[in-house]
Amino acid sequence: MDPNIKKTKNSADSANYPEAIQSPSQFPDEVLEKVLSMLHSHKDRSSVSLVCKDWYNAERWSRTKIFIGNCYSVSPEIVARRFPRIKSVTLKGKPRFSDFNLVPQNWGANIHDWLVMFAKVYPLLEELRLKRMTVSDESLEFLAMSFPGFKALSLLSCDGFSTDGLKSIATHCKKLTELDIQENGIDDVSGSWLSAFPDNFTSLEILNFASLNSEVSFDALERLVSRCKSLKVLKVNKGIGLDQLQRLLVRAPQLMELGTGSFQQELMFRHCMELENAFRNCKNLQILAGLWDASYVYLHVLYPACSSLTFLNLSYATLRSDEFTKLIAHCPNLRCLWVLDTVEDKGLEAVGSCCPLLEEIRVFPAHPFDQDINHGVTESGFLAVSHGCRKLHYVLYFCQQMTNAAVATIVQNCPDFTHFRLCIMNPGQPDYLTDEPMDEAFGAVVKTCTKLQRLAVSGLLTDLTFEYIGKYAKNLETLSVAFAGRSDWGMQCVLGGCPKLRKLEIRDCPFGNAALLSGLKKYESMRSLWMSACNVTMNGCRLLAKEMPRLNVEVMKDEEDDSHVDKVYVYRSVAGPRRDAPPFVLTL
Amino acid sequence: MSMPFEEHDYIGLSEVPAMENSEKNNGLPLGDNEKKNTAKVLNLKATELRLGLPGSESPERETGHGGEDKNGYQLGVLKGFVSGAKRGFSDTINGGSGKWVYSGSGGSEVNLANGGGLFSPRGANGAAKSIGAGGVESGSQQTFVGSGVGKETVPQSPKPVQEKKPQVSAANGHAAAPAAKAQVVGWPPIGSFRKKMAINPPKTDEDADAKLGTGCLYVKVSMDGAPYLRKVDIKIYSSYKDLSSALEKMFSCFTIGQCGSHGVHIRDGMSESRLMDLLHGSEYVLTYEDKDGDWMLVGDVPWEMFMDSCKRLRIMKSSDAIGLAPRAMEKCKNRN
């Protein structure tokens, strides 16, 4: 084959891949781009871009969606240079522990500079999905004004804006299809933003304002729902009552996802029947959430819709086990269930019996700060679910007590776990029956669940747990550790094993500099490392920063002790140290 | 049921943290004689002992700020401070997401003093724990003052020590029982939105029942000088304030018309506040008989605990209330 046959852009590089040049160079660029445009997974695209320069170029020209897991790993300029045709951006900012108040305010992750760049380079931007970013009202207004074709805005766990910012979006984004506002720390000034959607605005498909407190005008909402015929997802806030819900459902029977408002109002029998009928008419309903203050009295109105439900989110409804049992019996097709632990073990037994298709369960604590251990769920509930739901692969479980034996049985029943997040709420609590550490429990998890991608550990744990994790968790990508371990050795085991580790977040563990530095080589293959309230010192961090210049090592110091480090956040970046670090963050 | 230190948090003070820590430091309940059984929040601001570091913000003290909790008292709602509770950090943390209520921990300092390391030794300083935490959603941005105190009293142990046992108040001697645990920042790891829901859980009847157990519901209420007693179902009230308003209404017929030996002048159409004065101010003191048969001043303990242990109520003439409410006594004297 003549290596001089050249259709693609860079012949010099083709020579570096003698075997490969034959195939790629036979495709014209257009064909290659077309083929690559069908690739959607970011990981696949990353791999593709590494094949050769031709493929790198074809990939970058055909990419329309970009996912940036750490906004500081790259800069707006670099992104703009590489990808000329982006329509959808997903950005994540602060470290995950900021959800639990471990990251001070004004830490960073501000969207504005990104928006300015996007306005320049991607005027046709359609989607923006942000998680744990700081977004101001000015930024939202800028967004609304800069992108005439803007369609989808999703803000999850963000902060810095108010409902005024939402007003700008509603007012100016004429083609908006999605507005998804979840669990943000925002200034809830008023619900008037909803009324800002123009009367001729009809394109909305997804609307989620469940976590906003201020009341919206029901009249405006009803009219909006009426005229947006393509509305598929509607999640309202607590201010919407049952009678109002009925009116909304009547206008939007095509809904696939519904978040109800408050479920507690006094309803006359007639209205109850009307509501039940409204649910009956929602033939496409697959996901149900909200149900704030759900009073058992009205749950029966849901029954007609329950058989088609695949995802039921009852995590804001304090249902007792008997009430819940009656409800869950109507939901045989559930794939995903979120509940409060008020349903107790008995409720979970019912889940095991009624929901054989269940794949994901999350059990949240109703009274996380209550010390009365007679409430909530125990290992029996988890066991019961694992017996009945053999397809279970995602669990988030908050409990007061657990045993090694129970966990071992659970993973025997469900060996396909990909996400195993167990939170024994009392830090450092041993197996309550044997009084031993919970090492064997997590050992069983990593040995049995070979597909495990995400693990959160809790309870009394020695370094043995981490030996197991390092040795067996071959597919582990995310590990969360709190109040665990005995010495540096634990963390060293994890860093020495776990070939696919990407995110490691640690708090309140006795891991120090030796542990930190043992991961020198590894951190560049990871997204980030977080360590807080551990035994790391400034010297250790400085050494890390010195040895690994392509890592950003950001410390927040211990106030009394200058040498001690309170929090350290390490992440790889091609953008160098960030320029917007607040004074309490030191980049070494 | 043991009475952990934190019970003092609920007593008529709008500002908790500094009080908390001062109490812990002295081991003395702060001016318990000053604690009133009333729903009125006493403004002790001027006299309050504050132990924050210089430059530390003190929590908001205005009453009615962000609403009162079910006890009718202003609970200090503390923002989550970062583990370590550093002054700098606590100042930079604003309300926003985490509205944390910390357990009053006779636990934390005591634990540390005993060498039982805390998980977040710099962070877990005791503050008000709200048992059954009712509706504390203070809009104020409160800095945790106590952390400064914590630093002074706590031996610096920067290395978090792994505890085998649940973190409990050693002072209570309940090594294994989950008694006064210090709340750790950011633990359990639930998001701020859900945390708000958890602090403010909608209570089902079942919950309320469960807490009461077989506790008394209808209790006799006697008022000194009244010809007959009344009965009230204390279960239907959610706070001391509710209860006292109801009692006022119930017993108003007895107080109106009484000049009282203290020369209080009664006019027609007496205002509610006047009645309140009578009932809770100088004239009368509200007391209750607990499970052990002791006569206690109403208002010391969290509402749920009160509901659980109250056997009967007595509206006592303050002149009889020697030893129970000396401040009330003084008030009476002053009026003369």
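Naming: A, B, ... by sequence-line order, numbering from 1 per chain.
- In terms of modelled atom types and a separation under 3.5 Å, the side chain of B:W187 and the main chain of A:N426 share no donor-acceptor contact.
- When all heavy atoms of B:I190 and A:F398 are compared, the closest pair comes out as CG2-CZ, 3.5 Å.
- Residues A:F97 and B:P189 have side chains not in contact (no heavy-atom distance under 4.5 Å, counting atoms from C-beta outward).
- Interface residue A:I424: only backbone heavy atoms are found under 4.5 Å from chain B.
- Residues B:V184 and A:F483 meet the side-chain proximity criterion, which asks for heavy atoms closer than 4.5 Å.
- Residues A:F364 and B:P188 fail the side-chain proximity criterion, which asks for heavy atoms closer than 4.5 Å.
- Interface remark: A:S315 contributes backbone and side-chain atoms alike to the contact with chain B (heavy atom separation under 4.5 Å).
- Side-chain contact between B:K195 and A:F100 is absent, with no heavy-atom pair separated by less than 4.5 Å.
- Contact record, A:N101 with B:V185: O-CG1, 4.1 Å, taken as the closest heavy-atom pair.
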